[in-house]
Protein chains: 2
Amino acid sequence: MFNFVVAIINYLLLMDTEQELNEKQLQIMTKALEVFSEKGFDATSVRDIAQSADVNVAMISYYFGSKEKLLEAIFLNRIGSMKARIESIIHSRTHDPMQKVDLLIDNYIDVIVENRTFHLLMMREQVLLKEGKLYGYIRDMKQQNRTLIEVAVKAGQKSGIFQKNIDVSMLAMTFFGSINHFFSTYRYVCDSNTSEQQQETDQAEALEKLKNHLKVMFKAFLTYGISNKK
Amino acid sequence: MFNFVVAIINYLLLMDTEQELNEKQLQIMTKALEVFSEKGFDATSVRDIAQSADVNVAMISYYFGSKEKLLEAIFLNRIGSMKARIESIIHSRTHDPMQKVDLLIDNYIDVIVENRTFHLLMMREQVLLKEGKLYGYIRDMKQQNRTLIEVAVKAGQKSGIFQKNIDVSMLAMTFFGSINHFFSTYRYVCDSNTSEQQQETDQAEALEKLKNHLKVMFKAFLTYGISNKK
DNA sequence: GAAAATTAATTAAACGTTTGTTTAATTCAA
DNA sequence: TTGAATTAAACAAACGTTTAATTAATTTTC
């Protein structure tokens, strides 16, 4: 009887924490993420996933319970690693506030590039979510993102080179809005007739342009009126 | 025989131009747009639409041919009126470039507010589209949006109060990215516990903050380095 | 360490719903 | 009386999930 209770408690504790995932599970999650981000969650059937991951349809219910819970597992897995990466950006010690802005922009964009398919899926699904686990995950991440901007702004204000009157939430809106917009509409601006190789270099170039633009723009805004007062 | 050919030509011409829509068709389109933007296109069934619009399911196929073509009809209808509104912003004669920036920001955001549900739907679906009519519609609109930014920037550069080194496509990325991000994630930041009335005033306040922030930020960026050179 | 027993992984088939669309009959308006 | 509008019912296909049987892997027993 005692063992039974312990088993239940362990199960409940395990539910929302990192689960040990075997190779097959990871294979399904990886391929499912690919298809989800390409076709959208609702337009993707479990048979699409099964075919893409080269497993039997029943394996999805067997391992994850349902298509919905598979999505949750993917989110838990990916959002976890993304949050850890962003956490390290927040705590990176840089004494020069200007340098901190550069570092923040470069590193955040790199994180998105590394998690591109997941980022696309998240961008798409967040618009629909009203409640549930996924809503909570995304809300948490947005809060973390806000902190990312906040620490950089406060550091610059403390050393007197950034102006005092900064609306952090609006600055975050501009920062994440610009980046999300870039990644979700890039294919509308690029030339799809060129070779795959050319497209890659074009995109690397565009990424550099984006990074540089954000740096210049934010520095202009953050220091607006400061140099004139001297 | 001749009449037959004329009929076909008329039909083909009518396909991509403004169609005369009766009341029932408009009713279906309006309600369908509501449900699409709330649940997403793929997650919405034709029976959902029929129930919401208070018509028989068969009416959707009868009037529009298919669920897909209903979406196309909605896009053709809404994107048309939105493009016309944006066109008028582009051609609005304002001699002061600074004033032009203010006008552009205020008016564009107002257009989105007026077409909020459609804007949400478009934001969501654009991520998935690779080809087809809708892809073309959105691509056209994005081109128009770019022009919106371009004319304002060039006007300011001509009168010498904006700096010469401006990347229009990146500025557009920041502008539309910020606004889209605001409208697609606003509910993540607002307090859902307050009354509906309170939420409306909160949102009006947030909209003013957004407008003001964009004005200040863009002016800082556009005039960056100009005042120092004097 | 081989055989037996137990658990886990995998499968094809079937389940009951729901999907978008069509049909054929009926009502309505001109 | 003709053509358009509207309906309930039916359609096949696709959906997510479950079942029951089989294979593979692991653990227990001797």
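Remember, predicted model here, so these are calculated numbers, not experimental data. In what follows, chains are A, B, ... by sequence order, proteins preceding strands, each numbered from 1.
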With the side chain defined as heavy atoms from C-beta on, A:Ser61 is closest, among C:dT10, C:dT22, D:dT17, to D:dT17
Atom of B:Met123, atom of B:Val127 and distance for their closest heavy-atom approach: O-CG2, 3.6 Å
Distance-only donor-acceptor check, side chains B:Ser178 and B:Asn180, under 3.5 Å: no
At what distance, to the nearest 0.5 angstrom, does CD1 of B:Ile90 lie from CG of B:Asn107? 11.5 Å
Measure up the A:Phe75 and A:Tyr137 rings against each other and bin them: parallel (under 30°), tilted (30 to 60°), perpendicular (over 60°). parallel
If I take atom CD1 in residue A:Ile28 and atom P in nucleotide C:dT11, what distance separates them, rounded to the nearest angstrom? 10 Å
Starting from P on C:dT11, measure out to CD on A:Gln51 and report it in whole angstrom. 14 Å
Atom CZ in A:Phe218, atom CG in A:Leu171: separation rounded to 0.5 Å? 5.0 Å
Considering only D:dA5, C:dT11, C:dT22, which nucleotide approaches the side chain of B:Tyr63 most closely? D:dA5
Would B:Lys24 count as a cation-pi partner of B:Tyr62, with NZ or CZ less than 6.0 Å from the six-membered ring centre and within 45° of the ring normal? no
Here the distance between atom P of C:dT21 and atom CD1 of B:Ile60, to the nearest Å, is 9 Å
In whole angstrom, what separates B:Leu26's CG from D:dA5's C1'? 16 Å
Could you tell me whether A:Glu150 and A:Arg146 make a salt bridge, using a distance below 4.0 angstrom between a side-chain N and a carboxylate O? yes
Answer yes when A:Lys215 and A:Asp106 have at least one side-chain N-carboxylate O distance shorter than 4.0 Å, and no when they do not. yes
B:Asp54 has an atom CG; how far is it from atom C1' of D:dA5, in whole Å? 15 Å
Spacing between B:Glu23 atom CD and C:dA29 atom P, to the nearest angstrom: 14 Å
A:Asn56 CG - C:dA12 P separation (whole Å): 6 Å
Near-strand residues of residues 32-49 of chain B, defined as heavy-atom separation under 4.0 angstrom from DNA chain C: B:Thr44, B:Ser45, B:Val46, B:Arg47
Enumerate the residues from residues 64-74 of chain A whose closest heavy atom to DNA chain C is under 4.0 Å, giving them by residue number; use none for an empty result. none
Interatomic distance where CG belongs to A:Asn22 and P belongs to D:dA24 [whole Å]: 18 Å
For atom NZ of B:Lys211, decide whether the heavy atoms of other residues, nucleotides or ligands shown that lie under 6.0 angstrom number more than 12. yes
Between C:dT10, D:dT6, D:dT19, which nucleotide has the shortest distance from any of its atoms to the side chain of B:Tyr62? D:dT6
